[in-house]
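Because only heavy atoms are used, hydrogens play no part in the values below, and waters and symmetry mates are left out as well, while side chains stay in. When a residue number appears, it is its place in the shown sequence, counting from 1. Just follow the structure's listing: the first ligand is 1, and inside any ligand the first atom is 1.
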Amino acid sequence: MSRIIAIANQKGGVAKTTTAINLGAGVAAQGKRVLLIDLDPQGNATTGSGIDKLEAETGVYDVLTESAGIGSVKVQSPAAGYDIVTANQHLAGAEVELVGIDGREAILKRALERVTDDYDFVLIDCPPALSLLTINGLTAAKYVIIPMQCEYYALEGLSDLVDTIKRIKSYMNPTLEIGGLVRTMFDGRNSLSQQVSEQLDAHFGDKLFETVIPRNVRVAEAPSHGLPVLIYDKMSKGALAYQSLSAEFLTRFT
Ligand code: ADP
Ligand code: MG
């Protein structure tokens, strides 16, 4: 049975996609069967996995509109070691098309039930909004991983996300849990980052992954080559950090 983990934070630019791609690659490198679902109409997880989103004819849009199953739309990332269900701009329309459909928040959940024996882990890269797409991700998942940049407004947004998770837990998905928080793009020279990091530690304790992902230019360059940084430059600080996060992830979720 696959473990389904949503990577979510309604803030944009906090490294959700980067974390999804590199956890996917890191866990796949350990011999696990991984499926990545790109739930963001921007399709950054798709391009960052080496797939041209303009050429990806079918993808998660077809799954959500129930015109295709995951098994028939998934493709293999050329280098990352996992399968991916791609996204493109069509997906933005799905939000509107699904209004009025019964059980619209659980479409992805139902679709994943049919491939549960094919993967050890399913990672869902959520868009930067608490939208119907994100709700589909959180309804399908058992755990949520929250990437966070350690800055003042990060904490403000976090309480909205935690409230949303609680609501989804009570109405739709009683076993949903926060699987962990990851500090991303960390700059240790910045004292505010240090303070926010300490507050996260005080508040979330064990939920906080020990690995801290540093700001590193190689991480930012990798997507333009369609590669996880773990493959683009595996000795870079960013890659080593994501490798360590993948190891922690495997200890936590297996
Ligand atoms: P999100 O999916 O939350 O919107 P992304 O993963 O797309 O965030 O990251 C936002 C931007 O920051 C991207 O350009 C990405 O390449 C860059 N980035 C992510 N992590 C790092 C890092 N550790 N160091 C430097 N740049 C990073
Ligand atoms: Mg993203």
Side-chain angles (χ1 to χ4, degrees), residues 5-26 36-51 53 56 59-60 77 80 82 84-89 91-92 95 123-131 133-134 136-138 141 144-151 153-158 160-161 164 180-190 193 196-197 209-246 248-249:
I5 294 146
I7 319 263
N9 186 331
Q10 76 277 25
K11 274 196 73 151
V14 297
K16 288 181 290 298
T17 300
T18 305
T19 300
I21 288 176
N22 286 290
L23 269 181
L36 180 60
I37 310 256
D38 187 353
L39 258 193
D40 186 345
Q42 293 176 78
N44 294 342
T46 299
T47 31
S49 302
I51 293 155
K53 63 187 172 196
V60 74
S77 162
Y82 50 70
I84 177 164
V85 177
T86 61
N88 59 31
Q89 286 301 333
L91 186 56
E95 291 267 358
L123 299 175
I124 305 173
D125 183 28
C126 293
L130 296 173
S131 59
L133 292 170
T134 296
N136 260 272
L138 295 176
V144 195
I145 289 183
I146 308 171
M148 305 229 11
Q149 248 183 299
C150 291
E151 56 185 29
Y153 290 114
L155 292 173
E156 229 172 52
L158 189 58
D160 292 339
L161 179 58
T164 301
L181 282 86
V182 189
R183 290 162 283 184
T184 59
M185 291 183 251
F186 194 78
D187 178 0
R189 292 166 305 182
N190 176 334
S193 298
V196 172
S197 177
F209 282 101
E210 269 177 40
T211 306
V212 175
I213 310 294
R215 187 172 280 286
N216 173 237
V217 66
R218 306 302 266 172
V219 178
E221 288 167 6
S224 65
H225 300 269
L227 294 171
V229 72
L230 279 180
I231 292 165
Y232 174 62
D233 183 354
K234 67 176 184 190
M235 295 313 287
S236 63
K237 283 200 174 117
L240 294 172
Y242 271 112
Q243 195 158 10
S244 149
L245 184 69
S246 303
E248 246 192 276
F249 173 98

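- Among protein heavy atoms, the minimum distance from atom 19 (C) of ligand 1 is reached at T18 OG1, 3.4 Å.
- Residue N216 places a heavy atom less than 4.0 Å from ligand 1.
- Residue V14 approaches ligand 1 through these ligand atoms, each under 4.0 Å from one of its heavy atoms: 1 (P), 3 (O), 8 (O).
- With T46 as the fixed residue, the side chain to side chain donor-acceptor pair (under 3.5 Å) test singles out one of N88, D125, D38: D38.
- Distances shorter than 4.0 angstrom do not occur between any heavy atom of A222 and any atom of ligand 1.
- Of the protein's heavy atoms, T17 CB, 4.0 Å lies nearest to atom 7 (O) of ligand 1.
- Contact between G12 and ligand 1 is present, with at least one heavy atom of the residue lying under 4.0 Å from the ligand.
- Using modelled atom types, one finds no donor on one side chain facing an acceptor on the other under 3.5 Å when comparing Y242 with T211.
- Using a 4.5 Å heavy-atom threshold, the side chains of S246 and N22 count as separate.
- Proximity of L23 to I7: side-chain heavy atoms (C-beta onward) are separated by under 4.5 Å at one or more points.
- Under the 4.0 Å distance rule, the nearest protein heavy atom to atom 22 (C) of ligand 1 falls inside the cut-off.
- Looking at L91 and L133, their side chains come closer than 4.5 Å, going by heavy atoms from C-beta outward.
- Taking every non-hydrogen atom of P214 and a distance limit under 4.0 Å, the qualifying atoms of ligand 1 come out as 22 (C), 23 (N), 24 (N).
- In terms of N/O distances under 3.5 Å, ligand 1 is not approached by R215.
- The presence of a protein heavy atom under 4.0 Å from atom 11 (C) of ligand 1 is ruled out.
- At least one side-chain heavy atom of I5 sits less than 4.5 Å from a side-chain heavy atom of F249.
- Taking 4.0 Å as the cut-off, G13 counts as a neighbour of ligand 1 on heavy-atom distance.
- Residue contact annotation: T17 places an N/O/S atom under 2.8 Å from the Mg ion (ligand 2).
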* To do: Go through L158 and L181 one step at a time and tell me if the side chain to side chain contact (heavy atoms under 4.5 Å, CB included) criterion holds.
  => CA-CA 10 Å; L158 189 58; L181 282 86; 4.1 Å; yes
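- Side chain of R183 to backbone of F209: a donor-acceptor contact under 3.5 angstrom is found.
- For atom 14 (O) of ligand 1, no protein heavy-atom neighbour is found at a distance under 4.0 Å.
- Between P127 and the options N44, T17, T134, a side-chain contact (heavy atoms from CB on, under 4.5 Å) holds for only T134.
- Counting protein heavy atoms only, atom 18 (N) of ligand 1 is closest to M185 SD, 4.0 Å.
- Side-chain atoms of T164 come within 3.5 Å of backbone atoms of D160 as a donor-acceptor pair (strictly under, hydrogens ignored).
- Close contacts between ligand 1 and I213 involve ligand atoms 23 (N) [criterion: under 4.0 Å to a heavy atom].
- Counting only heavy atoms of the protein, atom 8 (O) of ligand 1 lies nearest to A15 N, 3.0 Å.
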* **Verdict with supporting geometry, V196 and E151, side chain to side chain contact (heavy atoms under 4.5 Å, CB included)** => CA-CA 6 Å; V196 172; E151 56 185 29; 5.7 Å; no
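- Looking only at heavy atoms of the protein, atom 16 (O) of ligand 1 is closest to A220 CA, 3.5 Å.
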